[in-house]
Amino acid sequence: MTTTMKTFPPSGIGAVASGLVVRHLTEILRQKGEHVREEGADRLFLAGVSPTDVEAIVGQAVAAGIGRIVLLSSHGARHEAAYGRACWHHLLVEQAVEASGVEWTHLRSPGLMSGTLRWATAIRDSAVVRAPYAQAAYPLLDDADLAEIAATVLLEPGHHGRAYNLAGAPGVSQVEQVKAIAAAIGQPIRFEELSPQRARDEWEGAGWPEAAIQLQLKVLKDLVDGHTGIEDAMPVEELLGRPAGNYADWVVRNSDGFRRQNLW
């Protein structure tokens, strides 16, 4: 059996996060004696694809012989269900994969630890991280843990038709994440808490869609209020057979990403 990986977009922090997962996943599969290549594969790990592209990508994959698709999705799919279809993103991608006619599994991530690499430029330029809801804490997943889960689902039977709502180690607040980064790279970093309106203004200026802004602010506020929305999520220990990786250890292993200019 052989596996192929497709991650989108080709650049940006989303690609960095997907790329780290793919790097770990490739290593795990090769250690298991599996082949990883672009052509002639029968399984597909898909990450970061947009709703506008997913049908074409999945159609091409199935036509090329793919019989099993493992999708890196998000808990956002569950939050999106409360909004109109115009605000859907992850749900649309999931539905396209489900309609492919082949085996599928969704790995709904609560967020990846590598997502905090989005702060790297600000840390290098000003040693200040600016974000709303400083105390928001989400059970982020170590990229290596997600890769190990993806390998299991790609290789083993019994996961078809499942959407795994995953939860990583106990959540660490955004301000505590910044403290962990500072300790790992050996320099002080200040956390500046933005008001929700200031965050909205900055995200609008950066080109974020309105639906994404609304969803991000809602999730962060809910976290501060003690509502994670994932109380029924599956701890990754159930799939890994060991405790999930924690943020402090992840930062130590990936501290260079907060120092160097090119993340990936």
Side-chain angles (χ1 to χ4, degrees), residues 1-23 25-26 29 35-112 114-115 141 143 146-147 149-166 207-216 219 264:
M1 293 187 289
T2 57
T3 301
T4 189
M5 321 273 188
K6 291 190 181 296
T7 61
F8 309 86
S11 62
I13 193 62
V16 173
S18 298
L20 288 172
V21 173
V22 166
R23 185 178 71 187
L25 179 54
T26 299
L29 292 173
H35 300 287
V36 180
R37 60 191 184 207
E38 286 294 320
E39 305 295 337
D42 51 16
R43 291 159 297 172
L44 170 64
F45 177 72
L46 187 61
V49 64
S50 74
T52 55
D53 298 330
V54 63
E55 289 187 8
I57 290 166
V58 168
Q60 292 168 6
V62 172
I66 292 293
R68 177 180 297 178
I69 300 174
V70 175
L71 173 69
L72 174 55
S73 187
S74 167
H75 283 202
R78 304 204 315 172
H79 293 292
E80 289 170 358
Y83 292 82
R85 189 177 179 87
C87 297
W88 290 7
H89 179 95
H90 299 289
L91 270 178
L92 292 177
V93 174
E94 289 186 356
Q95 289 176 355
V97 171
E98 293 167 16
S100 66
V102 301
E103 293 185 15
W104 60 267
T105 307
H106 304 324
L107 301 181
R108 288 178 171 171
S109 168
L112 295 172
S114 55
L141 280 178
D143 308 76
L146 181 60
I149 292 169
T152 297
V153 174
L154 281 165
L155 298 176
E156 297 181 1
H159 301 282
H160 171 51
R162 302 289 299 276
Y164 291 120
N165 297 297
L166 302 172
W208 283 39
E210 174 61 24
I213 293 173
Q214 288 185 23
L215 183 59
Q216 182 73 358
V219 169
W264 189 250

Next on the checklist: Testing the basics here: between Ser109 and Leu72, what is the closest heavy-atom pair and its distance to 0.1 Å?
Outcome noted: CB-CD1, 4.0 Å
Checklist entry - Residues two or more places apart in sequence or in another chain: which of them pass side chain to side chain donor-acceptor pair (under 3.5 Å) with Glu94? => result Ser73, Arg108
Checklist entry - Are any non-hydrogen side-chain atoms of His75 and Asn165 less than 4.5 angstrom apart? => result yes
Checklist entry - Rounded to the nearest 0.5 Å, what separation is found between the OG1 atom of Thr52 and the CD1 atom of Ile57? => result 8.5 Å
Checklist entry - Okay, side chain of His106, backbone of Ser74: is any donor-acceptor separation there less than 3.5 Å? => result no
Checklist outcome for this item: Contacts of His90 meeting ring pair (Phe, Tyr, Trp, His ring centres under 6.0 Å) (sequence neighbours excluded), chain-then-number -> none
Checklist entry - How close do Ala61 and Leu44 get, heavy atom to heavy atom, and via which atoms? => result CB-CD2, 3.9 Å
Checklist entry - Among all residues two or more places apart in sequence or in another chain, which pass the salt bridge (charged side-chain N to carboxylate O under 4.0 Å, His left out) test with Glu103? => result Arg68
Checklist outcome for this item: d(Ile149 CD1, Leu166 CG) to nearest 0.5 Å is 5.0 Å
Checklist entry - Looking only at heavy atoms, what is the nearest atom pair of Pro51 and Val93, with distance? => result N-CG2, 3.8 Å
Next on the checklist: Just so I know, are the side chains of Val54 and Leu92 near enough to count as touching, which here means a heavy-atom distance under 4.5 Å?
Outcome noted: no
Checklist entry - Considering residues at least two apart in sequence or located in another chain, which fulfil the salt bridge (charged side-chain N to carboxylate O under 4.0 Å, His left out) criterion with Glu55? => result none
Item to check | Partners meeting side chain to side chain donor-acceptor pair (under 3.5 Å) with Glu210 (sequence neighbours left out) | outcome: Arg200, Gln214
Donor-acceptor contacts under 3.5 Å from residues 151-161 side chains, at least two apart:
{"unit_1": "Thr152", "atom_1": "OG1", "unit_2": "Glu148", "atom_2": "O", "d": "3.2"}
{"unit_1": "His159", "atom_1": "ND1", "unit_2": "Tyr164", "atom_2": "OH", "d": "2.7"}
{"unit_1": "His160", "atom_1": "ND1", "unit_2": "Trp104", "atom_2": "N", "d": "3.1"}

Next on the checklist: By the definition side-chain contact (heavy atoms from CB on, under 4.5 Å), identify the one residue from Val62, Val58, Val97 that meets it with Val102.
Outcome noted: Val62
Checklist entry - When rounded to the nearest 0.5 angstrom, what is the spacing between CZ in Phe45 and CG in Leu71? => result 8.0 Å
